[in-house]
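Worksheet: the structure to be examined is printed underneath.
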Amino acid sequence: MDIEKLEQMYEGKAKKVFRTNDPDLCWIEYKDDATAFDGKKKGTIGNKGILNNRISAHFFNLLESKGVQTHFVKQVNDREQIVRAVKIIMVEVVVRNIAAGSLSKRIGLPEGTMLPRSVLEFYYKDDALGDPLINDYHIQALDLATPEQIKVMSETALKVNEILRDYLRDKKIDLIDFKLEFGVYKGEVILADEISPDTCRFWDIETKEKLDKDRFRRDLGNVEEAYREVLKRLTGETI
Ligand code: TMP
Ligand code: ASP
């Protein structure tokens with residue numbers, strides 16, 4: 001059966017989600033819109049939709065090849081991909097290898113400090129509350145996920161970290177930290193959303209130059225160039 005794109009179900013900050021003629025599948029369109037600080041800062045990054053669609057597809061293919069179950073089915077064109085229709089768990093799972101961003105602010109470790117052990121954090125996905133840091137007790141208090149689901153998310157996030165960190169090292173990129181989202185598909189917790197310079201911190205391994213959305217958040221300039229550089233290092237492609 002040919003998969004057909006039907007009406008829009010939802011528009012997020014970086015992507016639109018459409019129904020398809022198969023209830024198990026959704027059609028996703030990556031936008032150039034960029035936001036930061038829970039939507040308070042708004043802008044666009046040229047060609048971001050195209051770049052993140054490709055980068056995310058590349059990472060999901062890599063993870064699938066290493067046995068991680070994801071929502072990714074296939075890339076259909078420059079800006080669009082087909083994914084499994086999951087029910088998103090409203091928890092953002094962050095893994096950190098090197099201190100940066102909100103961790104540096106919260107606990108005072110200077111940006112760039114190597115963490116002796118990867119740090120795993122949960123945030124409540126709620127812009128109105130400013131995506132607060134939560135723990136597994138809070139997750140159960142809010143009934144966001146069961147203890148078994150929390151265990152799957154935590155173990156998968158740490159496995160994804162190992163896979164991506166090793167892979168990126170070969171591409172001369174340090175994986176500083178990243179955010180994952182999970183969804184429930186046919187009773188199973190699988191990796192969803194995207195993995196891109198919007199959702200990760202990537203630093204050049206030698207120069208420590210930022211190759212991610214911090215260039216937009218902090219007005220560092222050359223934002224699109226940084227995203228292009230990531231795609232080039234991953235796949236050799238230029239767009
Ligand atoms: P943080 O240091 O601001 O908490 O960010 C940690 C990681 O999570 C970083 O790689 C950027 C990513 N992230 C998102 O993908 N979405 C968000 O809303 C935030 C705050 C961070
Ligand atoms: N994407 C998030 C927002 O707009 C924040 C971020 O990535 O910094 O709120």
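Both counts, for ligands and for their atoms, begin at 1 and track the order of listing. Scope of the values below: all heavy atoms of this structure, side chains included, with no hydrogens, waters or symmetry mates. All values reported here derive from a predicted model rather than from experimental measurement.
Under a 4.0 Å N-O distance rule, the pair Arg201/Asp174 does not qualify as a salt bridge. For Arg106 and Glu121, the salt-bridge test passes: some basic side-chain N is under 4.0 Å from an acidic carboxylate O. A salt bridge links Glu111 with Arg218: the closest approach of a Lys/Arg side-chain nitrogen to an acidic carboxylate oxygen falls below 4.0 angstrom. A salt bridge does not link Glu155 with Lys159: none of the charged nitrogens is closer than 4.0 Å to a carboxylate oxygen.
Looking from atom 8 (O) of ligand 2 to the surrounding protein, the closest heavy atom is Arg217 NE, 2.6 Å. Among protein heavy atoms, atom 7 (C) of ligand 1 sits closest to Asp177 OD1, 3.6 Å. When hydrogens are left out, the protein atom nearest atom 2 (C) of ligand 2 is Lys13 NZ, 3.9 Å; that is the closest non-hydrogen contact. Counting protein heavy atoms only, atom 17 (C) of ligand 1 is closest to Glu92 OE1, 4.0 Å.
Residue contacts with ligand 1 leave out Ile176, since none of its heavy atoms falls under 4.0 Å from the ligand. At least one heavy atom of Arg96 sits less than 4.0 Å from an atom of ligand 1.
A side chain to side chain donor-acceptor pair (under 3.5 Å) with Asn161 is found for exactly one of Thr156, Asp177, Asp166, Asn97, namely Asn97. Under the salt bridge (charged side-chain N to carboxylate O under 4.0 Å, His left out) rule, Lys15 has a single partner from Glu194, Glu181, Glu80, Glu29, which is Glu194.
Heavy atoms of Asp38 found under 4.0 angstrom from ligand 1: none, in either backbone or side chain. The backbone of Cys200, and not its side chain, has at least one atom closer than 4.0 Å to an atom of ligand 1 (non-hydrogen atoms only; backbone = N, CA, C, O). The residue Lys213 has no part lying near ligand 1, judged by heavy-atom distances below 4.0 Å.
The CD1 atom of Ile55 lies 8.5 Å from the OH atom of Tyr227; values are rounded to the nearest 0.5 Å. In this structure, the separation between NZ on Lys5 and NZ on Lys16 is 8.0 Å, given to the nearest 0.5 Å. Atom CG of residue Leu142 and atom CD1 of residue Ile134 lie 6.0 Å apart, to the nearest 0.5 angstrom.
Short contacts between ligand 1 and Asp198, defined as distances under 4.0 Å to a heavy atom of the residue, involve ligand atoms 15 (O). Near Phe178, meaning under 4.0 Å from any of its heavy atoms, are these atoms of ligand 1: 10 (O). Taking every non-hydrogen atom of Lys213 and a distance limit under 4.0 Å, the qualifying atoms of ligand 2 come out as 1 (N), 6 (C), 7 (O). Listed by atom number, the atoms of ligand 2 under 4.0 Å from Gly39 heavy atoms are 3 (C), 4 (O), 9 (O).
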### Task
Given side chain to side chain donor-acceptor pair (under 3.5 Å), test His138 with Asn135 step by step and report yes or no.
CA-CA 5 Å; His138 301 129; Asn135 64 26; 3.2 Å; yes
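The residue from Asp212, Asp38, Thr35 that puts a heavy atom closest to atom 9 (O) of ligand 2 is Asp38. When the heavy atoms of Gly130, Ser102, Gly101 are ranked by distance to atom 1 (P) of ligand 1, first place goes to Ser102. Looking at Lys105, Arg201, Arg217, Lys179, it is Arg201 that brings a heavy atom closest to atom 6 (C) of ligand 1.
The presence of a protein heavy atom under 4.0 Å from atom 9 (C) of ligand 1 is confirmed. The presence of a protein heavy atom under 4.0 Å from atom 19 (C) of ligand 1 is ruled out.
A donor atom on one side chain and an acceptor atom on the other are not found under 3.5 Å apart for Ser104 and Arg96.
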